[in-house]
Amino acid sequence: QVQLVESGGGLVQAGGSLRLSCAASGRTFNNYAMGWFRQAPGKEREFVASLRWSGGYTYYADSVKGRFTISRDTAKNTVYLQMNSLKPEDTAVYYCAADLLPSQLMGTVLHKYWGQGTQVTVSS
(Lines give C-alpha, C1' and ligand atoms only; values in the text may rest on other atoms or scores of the structure.)
Protein backbone atom coordinates (compact mmCIF):
# COMPACT_ATOMS: atom_id res chain seq x y z
CA GLN A 1 0.00 0.00 0.00
CA VAL A 2 1.56 3.27 -1.10
CA GLN A 3 1.65 5.97 1.55
CA LEU A 4 2.63 9.59 1.08
CA VAL A 5 3.06 11.75 4.15
CA GLU A 6 3.69 15.48 3.80
CA SER A 7 5.26 17.73 6.40
CA GLY A 8 6.90 21.14 6.66
CA GLY A 9 3.98 23.47 6.13
CA GLY A 10 3.37 26.50 8.28
CA LEU A 11 2.93 30.25 8.47
CA VAL A 12 5.58 32.47 6.88
CA GLN A 13 5.84 36.11 5.87
CA ALA A 14 5.96 37.13 2.24
CA GLY A 15 9.48 36.79 0.91
CA GLY A 16 10.25 33.93 3.26
CA SER A 17 11.03 30.27 2.62
CA LEU A 18 9.70 26.86 3.54
CA ARG A 19 10.72 23.33 2.66
CA LEU A 20 8.05 20.69 2.31
CA SER A 21 8.81 16.99 2.61
CA CYS A 22 6.92 13.99 1.28
CA ALA A 23 7.90 10.65 2.80
CA ALA A 24 6.94 7.85 0.42
CA SER A 25 6.57 4.18 1.35
CA GLY A 26 4.91 0.97 0.28
CA ARG A 27 6.79 0.14 -2.90
CA THR A 28 9.77 1.06 -5.02
CA PHE A 29 9.17 4.17 -7.09
CA ASN A 30 11.73 3.68 -9.83
CA ASN A 31 9.88 5.23 -12.76
CA TYR A 32 7.17 6.96 -10.85
CA ALA A 33 6.18 10.55 -11.39
CA MET A 34 6.30 12.36 -8.03
CA GLY A 35 4.57 15.69 -7.90
CA TRP A 36 3.46 18.57 -5.75
CA PHE A 37 0.05 20.14 -6.19
CA ARG A 38 -1.79 22.81 -4.24
CA GLN A 39 -5.35 23.85 -3.58
CA ALA A 40 -6.44 27.24 -2.28
CA PRO A 41 -9.91 27.77 -0.76
CA GLY A 42 -12.58 27.89 -3.45
CA LYS A 43 -10.14 26.93 -6.20
CA GLU A 44 -9.32 23.78 -8.08
CA ARG A 45 -6.25 21.74 -7.26
CA GLU A 46 -3.37 22.89 -9.43
CA PHE A 47 0.00 21.57 -10.46
CA VAL A 48 3.13 23.00 -8.84
CA ALA A 49 6.12 20.80 -9.70
CA SER A 50 7.04 17.23 -10.55
CA LEU A 51 9.97 14.95 -11.14
CA ARG A 52 10.69 11.44 -12.33
CA TRP A 53 11.93 9.34 -9.42
CA SER A 54 14.59 7.74 -11.60
CA GLY A 55 15.99 11.20 -12.28
CA GLY A 56 16.66 13.47 -15.22
CA TYR A 57 13.35 15.26 -15.43
CA THR A 58 11.78 18.14 -13.53
CA TYR A 59 8.82 20.27 -14.49
CA TYR A 60 7.36 23.44 -12.93
CA ALA A 61 4.26 25.55 -13.19
CA ASP A 62 5.03 28.99 -14.62
CA SER A 63 3.83 30.62 -11.41
CA VAL A 64 6.61 29.01 -9.33
CA LYS A 65 9.50 28.78 -11.81
CA GLY A 66 12.64 30.32 -10.40
CA ARG A 67 11.25 30.31 -6.85
CA PHE A 68 10.48 26.64 -6.09
CA THR A 69 12.73 23.62 -6.47
CA ILE A 70 11.64 19.99 -6.41
CA SER A 71 14.14 17.29 -5.50
CA ARG A 72 14.31 13.80 -4.08
CA ASP A 73 16.50 11.77 -1.74
CA THR A 74 16.37 8.17 -2.89
CA ALA A 75 18.04 6.90 0.29
CA LYS A 76 15.29 8.46 2.41
CA ASN A 77 12.47 7.82 -0.08
CA THR A 78 11.54 11.46 0.28
CA VAL A 79 10.58 14.19 -2.16
CA TYR A 80 11.13 17.83 -1.25
CA LEU A 81 9.74 21.15 -2.36
CA GLN A 82 11.97 24.08 -1.50
CA MET A 83 9.90 27.24 -1.68
CA ASN A 84 11.65 30.61 -1.73
CA SER A 85 10.40 34.18 -2.22
CA LEU A 86 6.97 33.12 -1.08
CA LYS A 87 3.98 35.27 -1.97
CA PRO A 88 0.52 35.51 -0.38
CA GLU A 89 -0.91 33.87 -3.51
CA ASP A 90 1.13 30.75 -2.68
CA THR A 91 -1.18 30.17 0.30
CA ALA A 92 -2.83 26.76 -0.11
CA VAL A 93 -2.88 23.19 1.07
CA TYR A 94 0.03 21.44 -0.64
CA TYR A 95 -0.31 17.81 -1.65
CA CYS A 96 2.23 15.21 -2.68
CA ALA A 97 1.18 12.80 -5.44
CA ALA A 98 2.63 9.74 -7.13
CA ASP A 99 1.82 7.45 -10.04
CA LEU A 100 3.30 5.69 -13.02
CA LEU A 101 2.45 8.34 -15.59
CA PRO A 102 3.89 9.30 -18.95
CA SER A 103 5.62 12.66 -19.11
CA GLN A 104 2.71 14.40 -20.81
CA LEU A 105 0.44 13.62 -17.84
CA MET A 106 2.80 14.52 -15.00
CA GLY A 107 1.28 17.99 -14.68
CA THR A 108 -2.25 16.71 -14.30
CA VAL A 109 -4.24 15.60 -11.26
CA LEU A 110 -4.51 12.09 -12.71
CA HIS A 111 -2.27 10.64 -10.01
CA LYS A 112 -3.40 7.51 -8.20
CA TYR A 113 -1.75 8.18 -4.85
CA TRP A 114 -2.10 11.32 -2.74
CA GLY A 115 -0.95 12.49 0.65
CA GLN A 116 -3.18 14.17 3.21
CA GLY A 117 -1.82 17.65 2.52
CA THR A 118 0.02 20.28 4.51
CA GLN A 119 -1.10 23.89 4.96
CA VAL A 120 1.11 26.72 3.77
CA THR A 121 0.05 30.24 4.71
CA VAL A 122 1.97 33.29 3.48
CA SER A 123 1.13 36.57 5.18
CA SER A 124 1.59 39.94 3.50
Side-chain angles (χ1 to χ4, degrees):
Q1 182 75 7
V2 172
Q3 270 200 314
L4 304 173
V5 180
E6 302 98 334
S7 60
L11 173 64
V12 64
Q13 286 190 332
S17 299
L18 281 174
R19 188 177 80 156
L20 305 183
S21 300
C22 172
S25 62
R27 64 160 298 123
T28 56
F29 295 93
N30 288 339
N31 289 316
Y32 267 56
M34 310 293 291
W36 286 97
F37 292 75
R38 65 188 182 186
Q39 188 166 18
K43 294 189 176 180
E44 291 188 352
R45 192 167 297 189
E46 65 175 7
F47 168 74
V48 175
S50 67
L51 57 73
R52 184 71 68 185
W53 187 262
S54 54
Y57 181 87
T58 56
Y59 178 47
Y60 296 92
D62 288 342
S63 59
V64 306
K65 257 180 210 174
R67 300 189 298 123
F68 291 10
T69 303
I70 188 172
S71 62
R72 88 267 190 262
D73 184 329
T74 55
K76 295 182 178 179
N77 251 27
T78 299
V79 179
Y80 301 100
L81 185 68
Q82 178 66 45
M83 305 186 295
N84 299 328
S85 302
L86 282 161
K87 305 174 182 180
E89 51 263 43
D90 294 318
T91 295
V93 177
Y94 282 70
Y95 297 91
C96 178
D99 202 349
L100 264 176
L101 293 175
S103 299
Q104 61 266 33
L105 294 181
M106 287 174 67
T108 71
V109 295
L110 298 174
H111 287 65
K112 183 175 181 180
Y113 304 107
W114 293 86
Q116 82 289 351
T118 185
Q119 177 70 47
V120 171
T121 303
V122 184
S123 63
S124 57

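Computed from heavy atoms alone, side chains included, the values below leave out hydrogens, waters and symmetry copies. What you see is a predicted model, and the numbers here were worked out from it, not measured in a lab.
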Look at the side-chain heavy atoms of Ile, Leu, Val, Met, Phe, Trp and Tyr, link any pair under 4.5 Å apart, and say whether V48 and L51 land in one connected group. yes
Over all atoms of both residues, closest heavy-atom pair of S124 and P88: CB-CG, 3.8 Å
Report whether V64 and L20 are members of the same hydrophobic cluster (ILVMFWY, side-chain heavy atoms less than 4.5 Å apart, transitive linking). yes
Value rounded to 0.5 Å, distance of CG in L18 from CE in M83: 4.5 Å
Between S63 and R38 the two heavy atoms that sit nearest each other are OG-NH2, 3.6 Å
Could you tell me which non-hydrogen atom of A92 sits nearest to which non-hydrogen atom of Q119, and how far apart they are? O-NE2, 3.5 Å
Are F29 and L100 connected in a single hydrophobic cluster, I mean Ile/Leu/Val/Met/Phe/Trp/Tyr linked by side-chain heavy atoms less than 4.5 Å apart? yes
Is the backbone N or O of K112 less than 3.5 Å from a side-chain atom of D99, with the two atoms forming a donor-acceptor pair by type? yes
Taken to the nearest 0.5 Å, the spacing of R27 CZ from N77 CG works out to 11.0 Å
Do V109 and W114 make a side-chain contact, defined as non-hydrogen atoms from C-beta onward lying under 4.5 Å apart? yes
Decide if atom CD of Q3 counts as having more than 12 heavy atoms of other residues, nucleotides or ligands within a radius under 6.0 Å. no
Would you say Q116's side chain and E6's backbone share a donor-acceptor pair under 3.5 angstrom? yes
For A49 and L81 the tightest heavy-atom approach is CB-CD1, 4.2 Å
Show your working on side-chain contact (heavy atoms from CB on, under 4.5 Å) between L4 and Y95 and close with a plain yes or no. CA-CA 9 Å; L4 304 173; Y95 297 91; over 6 Å; no
Between T28 and W53, is any pair of side-chain heavy atoms under 4.5 Å apart? no
So, Y60 side chain and I70 main chain: donor-acceptor pair closer than 3.5 Å or not? yes
So, for S17 and Q82, which heavy atoms are closest and what is the spacing to 0.1 Å? CB-NE2, 4.0 Å
Shortest non-hydrogen contact between L86 and R67, atoms and distance: CA-NH1, 3.9 Å
So, is the end of the R45 side chain (NZ or CZ) under 6.0 Å from the ring centre of F37 and within 45° of the ring's axis? no
Just say parallel, tilted or perpendicular for the rings of Y113 and Y32, cut-offs at 30° and 60°. parallel
Whether the side chain of D73 engages the backbone of T78 through a donor-acceptor N/O pair (distance < 3.5 Å, no angle test) should be reported. no
Residues, nucleotides or ligands: over 12 heavy atoms within 6.0 Å of Q104 CD: yes
Rounded distance [0.5 Å steps], CE in M34 versus OG1 in T58: 14.5 Å
Hey, quick one: are V2 and L101 part of the same hydrophobic cluster, counting side-chain heavy atoms closer than 4.5 Å, chains of contacts allowed? no
Is it the case that the side chain of T121 and the backbone of T91 share a donor-acceptor pair, with hydrogens and angles ignored and the cut-off at 3.5 Å? no
Looking at W36, Y59, F68, Y94, which hits ring-ring contact (aromatic ring centres under 6.0 Å, His included) with F47? Y59
Hey, are D90 and K87 close enough for a salt bridge, meaning a charged N less than 4.0 Å from a carboxylate O? no
